[in-house]
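What you see below is based on every heavy atom in this structure, not just the backbone, and it leaves out hydrogens, waters and symmetry mates.
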Amino acid sequence: MLKVNRLSGGYGEKNIVSDVNFTVKEGKMLGILGPNGSGKSTLMKLMSGILEATSGSVVIDGKDLKDYAAKELAKKMAVLPQLHAHAFSHSVRETVSLGRYPHQRGWFSSWSKEDEEAVAGAMELMDIGRYEHTPIDQMSGGEQQRVFVAQALAQNASILLLDEPTNHLDINHQKELLDTIKRQAIEKNLTVISIFHDINLASMYCDSLLLLEQGRVAAIGEPHEVVKEKGIKKVYGTRISTHPHPELPKPQITLMPGIKRQVKNQQVRKEDFTISREMVLYRSEIPLKTVSSAVINAGSGWFTTFMNRRVDENYEVDDTVAELTGFIEERGFKPTDTVAMMTAVDVGQVVLGSCGFEGGSIVVAVTAGAGNGTDVSLTHKKERIKKVGTVNTWIFVNGILAEEAFLQAMMTATEAKAKAFQEEKVLDPFTGTIATGTPTDSVLVSSTQQGNEFQYAGPISELGRHIGKTVFEATTEAIRRYRSQAPH
C-alpha cells in the first residue's frame, strides 16, 4: 500500500505540488490526470524519491519513503519515467534484465533461476521476445516503450509508478499494455499509480482517479466521481460531454468543438417523403441525430436515410440484418447512413402527420397492422403464433433535442400508440383484452439539431403534447386503413 500525506514539493524554493493526499491499496490502480503543467510528473518524482519533498510524506507499507535504502526501495517500487536516455545501445534482453538489479548482490554475479524467469516472463507479457537481441535504439518509440514496461515488470516490485505508459503506442498496443498492467495488479496484488493524458483510458482501467489543477487536488474518487463535465471544463478549459462506456460501468468523454456545426438550414417536411410499393423513404440533406429500435442501426447515431421496408408476410431468413443490409446496398444507399425497419403491412397505407407550434414543428410517419395485437401485460401467459401486424412509428423534430428529450419522446409516442389501440378497440386474440401494441413494434425519434432547444418531450412539455396528439391521430388512422384492407 502507498499513502501520500499532505505532500508538497518542486524545484528550488518553488512548490509545484502542494498538499496532496491519497491512498492506493494493494491490487488497485490510481490514474493521475491534469493538463500540461499541472504537476503530474513532479508528483510522480516526489512519490518515487527522485525529488525531495518540502513537506508531507510518502509511506510504503507503513514505512516512510525516506527510511528506505535505495536498493531496498527498488525492491518495493518500480518506476517507468516518461523519457529514457540511452547511454549505450543495449539489447532488449539486456534492458529488461536491468530490472533485476535490485535483487542482485553484485553486478549480475548472483543471477538466479528466479531472475531468468522474471525477465522471460516480462518479455512474454509485453510480447517482445522476438526482439530479444535487437538493440533498443533500432526500435520505434512504441516498441521501446514496451521494453521499458517489461523492465519495470521484471523488477517484481509491489508498487508500479508509470508516467504515461501508453505514450507512442497505437490503440491496440495501448489496450494490450493496460490489459497486462491491470491483470498484473489483480493477480499479483500490485499497487499501480499511472499518469494519463487520455481521460477515457484512465477511466476504463483505473479504480480511482486524481485530477490535478495547478499542483493541487481538484478532484479524487472513482471515475464517475471525477470525470464530470463541469469539473473537466474548469480544469482543462474545454467543453466535453460524458457518456457511459458500452461494456463497463465507467464514464467516457467526447470533446465538444469550439466551432458550430456548419450545415445548411434544413426542415423535415412530410412532402419530402417518398412512398412506393416496397418502402417508405425519407432522405435528409444533412445527418439527423437519431435514436431508434430499428433493425439496421438501432440505438443512437447520425443518419441521412430512413427506410421502412415492406416484406412478404412469409418473410423468413436466417440473418435479417445481413439480408436487409444487402437490400439497402442494392438500392444505392449506404448502410452506415441508413436507419431501416421492416413491416409486412402495406407501406402504401402509411399515415403522414405534421404539426407546427411555437418554437418548432414535427413530422410523424406511422404504418400500423392490428392483426397481431398484444396485451403486453399478459404475454407471459401464452405462446404466440406469428401473425402480420407491426406498428412502426417515426417522429422527426425540427429543433434541438437534449438527450433526455429523445427518450421522453419515445415514451410519449409509445403511450400515444397504446391509447390509439384502446380507442380503436384492438384486441389481443389470445386473451380477449385490449392490446397495447404488437410484439414487433419499432419507434424512431430523429432531430435536425437546428433551431430552438427542447430539454423535455414528456406529456407535460410543449413538444411532448404535440408528439402525443400527432402520434395518436396518425396511429388511429393507420389502424383504420389497415382494417379497411384486411380480409374479413
Side-chain angles (χ1 to χ4, degrees), residues 1-4 7 22-32 40-41 43-51 53 57-84 90 92-108 110-126 128 144-166 177-196 205-208 210:
M1 183 173 74
L2 184 144
K3 189 171 185 178
V4 172
L7 189 64
F22 64 86
T23 298
V24 189
K25 296 181 179 179
E26 294 89 346
K28 300 298 181 181
M29 189 167 174
L30 169 74
I32 300 175
K40 300 186 298 295
S41 293
L43 176 57
M44 187 73 77
K45 290 174 182 176
L46 290 168
M47 285 188 291
S48 64
I50 294 173
L51 283 178
S57 63
V58 178
V59 179
I60 299 170
D61 294 340
K63 184 176 177 179
D64 196 293
L65 176 74
K66 294 182 291 187
D67 296 332
Y68 281 92
K71 213 165 186 180
E72 182 187 11
L73 179 61
K75 290 180 180 179
K76 286 282 186 181
M77 179 187 290
V79 181
L80 176 71
Q82 188 176 20
L83 300 173
H84 303 278
H90 296 298
V92 166
R93 181 179 179 78
E94 289 168 340
T95 304
V96 176
S97 296
L98 289 172
R100 297 303 298 167
Y101 170 70
H103 302 272
Q104 306 304 305
R105 291 190 294 275
W107 276 103
F108 297 102
S110 59
W111 192 258
S112 66
K113 181 181 178 182
E114 182 182 353
D115 295 322
E116 187 65 35
E117 290 175 349
V119 169
M123 288 197 296
E124 182 179 355
L125 284 170
M126 288 295 100
I128 56 174
Q144 289 179 6
Q145 189 77 341
R146 287 155 61 198
V147 172
F148 286 109
V149 172
Q151 183 188 88
L153 292 175
Q155 199 167 321
N156 275 350
S158 58
I159 298 172
L160 282 179
L161 301 186
L162 309 171
D163 194 343
E164 295 186 50
T166 57
L177 172 63
L178 291 172
D179 282 346
T180 299
I181 291 171
K182 184 70 174 179
R183 194 175 296 114
Q184 293 294 296
I186 295 170
E187 294 177 357
K188 295 186 177 180
N189 218 25
L190 302 183
T191 300
V192 181
I193 302 168
S194 179
I195 292 173
F196 287 89
Y205 284 94
C206 294
D207 302 288
S208 56
L210 185 154

Considering only heavy atoms from C-beta outward, does the side chain of [X] approach that of [Y] to under 4.5 Å?
X      : Y      : value
Leu177 : Ile181 : yes
Gln184 : Leu125 : yes
Met47  : Ile32  : yes
Glu26  : Asp61  : yes
Val149 : Leu80  : yes

With a distance cut-off below 6.0 Å to the six-membered ring centre and an angular limit of 45° from the axis, does Lys71 pair with Tyr101 as a cation-pi contact?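 Cation-pi check for Lys71 and Tyr101: passes.
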
Tell me whether Tyr68 contacts the main-chain N or O of Lys76 through its side chain, where contact means a donor paired with an acceptor under 3.5 Å.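 Not at all, since once roles are kept as given, no pair shorter than 3.5 Å links the two residues.
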
For Lys182, enumerate each residue passing the side-chain contact (heavy atoms from CB on, under 4.5 Å) test, keeping only those at least two apart in sequence or located in another chain.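 Result, side-chain contact (heavy atoms from CB on, under 4.5 Å) vs Lys182: Met29, Ile186, Tyr205, Asp207.
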
Take atom NZ of Lys25 as the centre, draw a 6.0 Å sphere, and report whether it contains more than 12 heavy atoms from other residues, nucleotides or ligands.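 Counting neighbours around NZ of Lys25, 12 or fewer heavy atoms of other residues, nucleotides or ligands fall under 6.0 Å, so no.
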
Spacing of NZ belonging to Lys28 relative to OG1 belonging to Thr23, to within rounding of 0.5 Å: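 The OG1 atom of Thr23 is 13.5 Å from NZ of Lys28, to the nearest 0.5 Å.
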
Minimum heavy-atom distance Leu7-Ser57, with the two atoms named: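 Looking at all heavy atoms of both residues, the shortest contact is CD1-N, 4.1 Å.
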
Heavy-atom pair of closest approach, residues Leu30 and Cys206: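 Residues Leu30 and Cys206, closest heavy atoms: C-SG, 3.9 Å.
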
Knowing that exactly one of Val147, Val96, Leu153 qualifies, which makes a side chain to side chain contact (heavy atoms under 4.5 Å, CB included) with Met126?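 Filter result, single survivor: Leu153.
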
